[in-house]
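So the structure is just underneath, and the comments pick up after that.
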Amino acid sequence: FSKDGRFAFASEIKALLTLENIPRKIRLDAVYDFFAYQYVPDPKSIFEDIHKLPPAHYMLVTKDGIKQRQYWDLSFTHTSSDSIADNKDKLLSLLNETTRQRMISDVPLGAFLSGGVDSSGVVALMANNSDKPVKTCTIGFDNKKYNEAEFAKEIAQKYNTEHHEFTVHQNVADRLEEIAQYFDEPFADPSLVPTFFVSELARKEVTVAIAGDGGDEMFAGYEKYAIDDIEKKLRDKFPKKVREKLFPPLAKLAGTIPLNIAKRAKSLLNSLSQSPAMGFYITNSQMTDETWSKLVKPDVARALGNYHPSRITLDKYEEADGPDHLSKLLYTDIKTYLTGGILVKVDRMSMANHLEVRAPLLDYQIAEFAASIPSEQKFNEGIKKRILKEALVPFIPTDLLHRKKMGFSVPLAQWFRGELKLLSEKFIVNADYGVFEYLEKSEVMKLWHEHQSSKHDHGSILWSILMFQMWFNRYIPQSESIQ
């Protein structure tokens with residue numbers, strides 16, 4: 001916080017808010033960013049007068065003013081000419097060393113285990129570096145579509161870990177207000193729920209947990225990179241003028257057809273009509289421009305002017321020094337989604353349970369080495385995290401190594417029609433301030449009723465609205481709201 005000769009800093013916004021005369025005026029473009037990304041990207045915060053120091057930056061405050069400098073960045077300019085076999089061996093050696101370093105602890109230590117490639121690899125390397133059984137913790141769901149516990153159990157049995165498992169039954173509504181309070185600004189990555197519960201479970205057994213975070217961003221593990229690759233190949237087949245003139249009206253036409261495949265076609269056509277960077281934003285944004293235009297209040301739209309959240313993605317893409325499109329996407333995600341979304345989620349949910357989390361895959365040596373690996377060794381012909389998977393072949397069963405990625409997903413659609421319905425009615429249906437100072441309640445209620453009738457799945461948008469309202473109720477006194 002810096003204003004009118006006053007300066008204060010803290011590791012969390014809530015600490016600054018304990019000071020006298022700290023304005024709680026909400027920053028409008030940050031609200032738009034939140035609904036597009038499900039978090040508020042740095043250096044903004046949700047408050048106009050409070051700012052975040054970006055990762056790998058330092059700030060110098062003197063009587064002459066404030067200076068901010070970046071002390072480290074990730075560069076993709078030095079591409080390795082080594083074979084995938086040689087790079088695989090180097091990567092495995094690095095992974096083993098960074099994991100071993102993070103196992104140094106004078107308090108009980110364990111690991112998060114989802115059954116995915118990253119956490120399974122970390123647990124395997126921990127087991128190889130320990131003379132005692134590794135303590136592992138897993139979260140499961142009743143809904144089999146979202147449950148990875150069986151895959152985690154297979155790894156736990158292979159490495160004879162001391163395994164602990166917790167299944168999220170009908171207890172999300174009972175705990176959600178408590179969980180949400182740990183975020184000082186709106187945050188809506190749904191995986192915050194299982195992350196809280198796995199941290200709570202782990203803390204019963206250990207004080208430090210090792211996690212597999214970072215593997216997807218460093219080695220191209222997300223499904224969105226495969227989708228983007230398909231879009232790029234399609235985009236390259238059509239001249240720019242054809243894409244810009246023909247595809248938007250076709251997308252509009254597809255939007256009139258009430259089928260899921262038409263909805264996907266509309267998104268694809270909109271993405272193909274844009275540049276590769278803008279297409280990446282459109283494909284991965286949590287709210288389309290069309291939906292935002294329907295929801296946003298006219299006075300808020302006017303105040304925002306020409307601002308658009310895509311600028312954050314486009315700026316990072318343009319800053320990237322990589323030799324190809326994929327390397328630029330990885331840099332963009334590392335500088336935005338990883339730091340603003342994934343790591344914030346893990347930090348808040350683990351520290352809420354007094355648990356320290358360490359991530360070997362985010363060691364700077366791993367990051368710099370990964371940036372030097374050619375893109376085709378990370379993603380090739382639809383195979384994601386290619387080099388990481390090859391490095392872990394000796395440690396992870398083939399069926400687990402190549403199964404479809406599930407991620408830390410949660411059954412939002414089911415929750416809003418079931419266990420979260422009453423809670424959502426309290427915070428959304430019965431609310432008349434907060435989020436509805438920015439969004440039209442009548443339009444939000446259309447989404448609500450369409451979702452409840454199963455006409456459409458609006459789970460993701462409703463979740464963002466719910467999390468915003470929960471945050472607002474806790475952090476913004478009614479007397480200080482913009483109304």
Side-chain angles (χ1 to χ4, degrees), residues 1 8-35 37-42 44-52 171-197 199-200 286 300 340-341 344-354 410 412 415-416 419-439 441 444 448 460-483:
F1 171 83
F9 70 96
S11 60
E12 292 184 292
I13 291 174
K14 63 169 64 76
L16 294 175
L17 297 180
T18 64
L19 301 176
E20 289 185 9
N21 301 319
I22 299 291
R24 299 193 185 197
K25 187 176 181 183
I26 291 178
R27 182 169 175 162
L28 282 184
D29 60 348
V31 173
Y32 196 179
D33 290 343
F34 164 73
F35 282 106
Y37 293 103
Q38 293 188 324
Y39 62 91
V40 179
D42 65 72
K44 300 175 191 175
S45 85
I46 193 64
F47 298 109
E48 281 193 3
D49 299 304
I50 296 176
H51 308 276
K52 301 169 192 164
N171 52 355
V172 178
D174 296 335
R175 304 290 303 277
L176 191 56
E177 287 186 74
E178 171 200 352
I179 295 170
Q181 72 174 319
Y182 295 108
F183 294 94
D184 297 354
E185 55 185 353
F187 188 89
D189 181 339
S191 62
L192 67 89
V193 174
T195 304
F196 177 87
F197 283 123
S199 297
E200 184 177 60
Q286 299 299 316
V300 174
V344 168
K345 171 195 68 181
V346 174
D347 175 73
R348 303 300 189 272
M349 297 295 86
S350 60
M351 295 310 293
N353 289 286
H354 312 289
V410 301
L412 284 181
W415 281 359
F416 276 105
E419 60 185 286
L420 286 184
K421 185 176 180 180
L422 287 177
L423 187 69
S424 301
E425 286 175 344
K426 171 186 173 183
F427 280 97
I428 299 176
V429 178
N430 297 329
D432 54 11
Y433 67 98
V435 71
F436 296 121
E437 296 173 12
Y438 308 93
L439 306 183
K441 183 167 185 178
V444 171
W448 173 262
S460 181
I461 295 174
L462 291 174
W463 177 257
S464 293
I465 292 170
L466 175 63
M467 297 308 290
F468 185 95
Q469 189 65 23
M470 281 188 165
W471 168 82
F472 192 98
N473 283 12
R474 176 169 288 274
Y475 283 91
I476 308 295
Q478 277 188 263
S479 60
E480 292 191 28
S481 71
I482 63 172
Q483 286 186 341

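We count residues from 1, following the sequence as given. Being a predicted model, the structure only gives us computed values, none of them experimental.
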- Message: Measuring from atom CD1 of Ile50 to atom OG of Ser45, what distance do you get when rounded to the nearest 0.5 angstrom?
- Response: 5.5 Å
- Verify ring-ring contact (aromatic ring centres under 6.0 Å, His included) between Phe35 and Trp463, making sure each step is shown before the conclusion. CA-CA 10 Å; Phe35 282 106; Trp463 177 257; over 10 Å; no
- Message: Is it the case that the side chain of Gln469 and the backbone of Val435 share a donor-acceptor pair, with hydrogens and angles ignored and the cut-off at 3.5 Å?
- Response: yes
- Task: Apply the test side chain to side chain contact (heavy atoms under 4.5 Å, CB included) to residues Met349 and Phe197: give CA-CA distance (whole Å), side-chain angles for both, the deciding distance (0.1 Å), then the verdict.
- Result: CA-CA 8 Å; Met349 297 295 86; Phe197 283 123; over 6 Å; no
- Message: Assess the residue pair Trp471 and Ile476 against the criterion (side chain to side chain contact (heavy atoms under 4.5 Å, CB included)); give the C-alpha distance rounded to whole Å, side-chain angles, the decisive distance to 0.1 Å, and a yes or no.
- Response: CA-CA 8 Å; Trp471 168 82; Ile476 308 295; 3.9 Å; yes
- What's the spacing between Leu16 CG and Asp49 CG if we round to 0.5 Å? 11.0 Å
- Query: How far apart are the closest heavy atoms of Phe427 and Asn473, and which atoms are they?
  - Reply: CE2-ND2, 3.3 Å
- Task: Apply the test side chain to side chain contact (heavy atoms under 4.5 Å, CB included) to residues Met470 and Tyr475: give CA-CA distance (whole Å), side-chain angles for both, the deciding distance (0.1 Å), then the verdict.
- Result: CA-CA 9 Å; Met470 281 188 165; Tyr475 283 91; over 6 Å; no
- Message: Looking at Arg27 and Asp29, is there a salt bridge between them, counting it only when a charged N and a carboxylate O are closer than 4.0 Å?
- Response: yes
- Hey, what do you get for CG (Leu420) to CD (Glu425), rounding to the nearest 0.5 Å? 11.0 Å
- Message: side chain to side chain contact (heavy atoms under 4.5 Å, CB included), that's the test. Do Phe468 and Val31 meet it? Break it down for me.
- Response: CA-CA 9 Å; Phe468 185 95; Val31 173; 4.2 Å; yes
- Message: Return the CG to OG1 distance between Asp347 and Thr195, rounded to the nearest 0.5 Å.
- Response: 11.5 Å
- Heavy-atom distance under 4.5 Å between the side chains of Leu17 and Arg24, does that happen here? yes
- Message: What I want to find out is whether Glu185 reaches Lys44 closely enough, with some N-O distance under 4.0 Å, to be called a salt bridge.
- Response: no
- Query: Is there side-chain contact between Gln181 and Arg348, with at least one heavy-atom pair below 4.5 Å?
  - Reply: no
- Is Ser191 close to Lys345 at the side-chain level, that is, under 4.5 Å between some pair of heavy atoms? yes
- Item | pair Val172-Trp415: side-chain heavy atoms closer than 4.5 Å | yes
- Message: Working to the nearest 0.5 angstrom, can you tell me the gap between Tyr182 OH and Arg474 CZ?
- Response: 9.0 Å
- How about Phe472 and Ile26: do any of their side-chain heavy atoms sit closer than 4.5 Å? yes
- Query: Is the closest side-chain heavy-atom distance between Ser464 and Gln38 below 4.5 Å?
  - Reply: yes
- Message: Do Leu176 and Leu466 make a side-chain contact, defined as non-hydrogen atoms from C-beta onward lying under 4.5 Å apart?
- Response: yes
- Query: Is there a side-chain contact between Phe436 and Ile428, using heavy atoms and a 4.5 Å cut-off?
  - Reply: yes
- Message: With rounding to the nearest 0.5 angstrom, report the NZ to CH2 distance, Lys421 to Trp448.
- Response: 6.5 Å
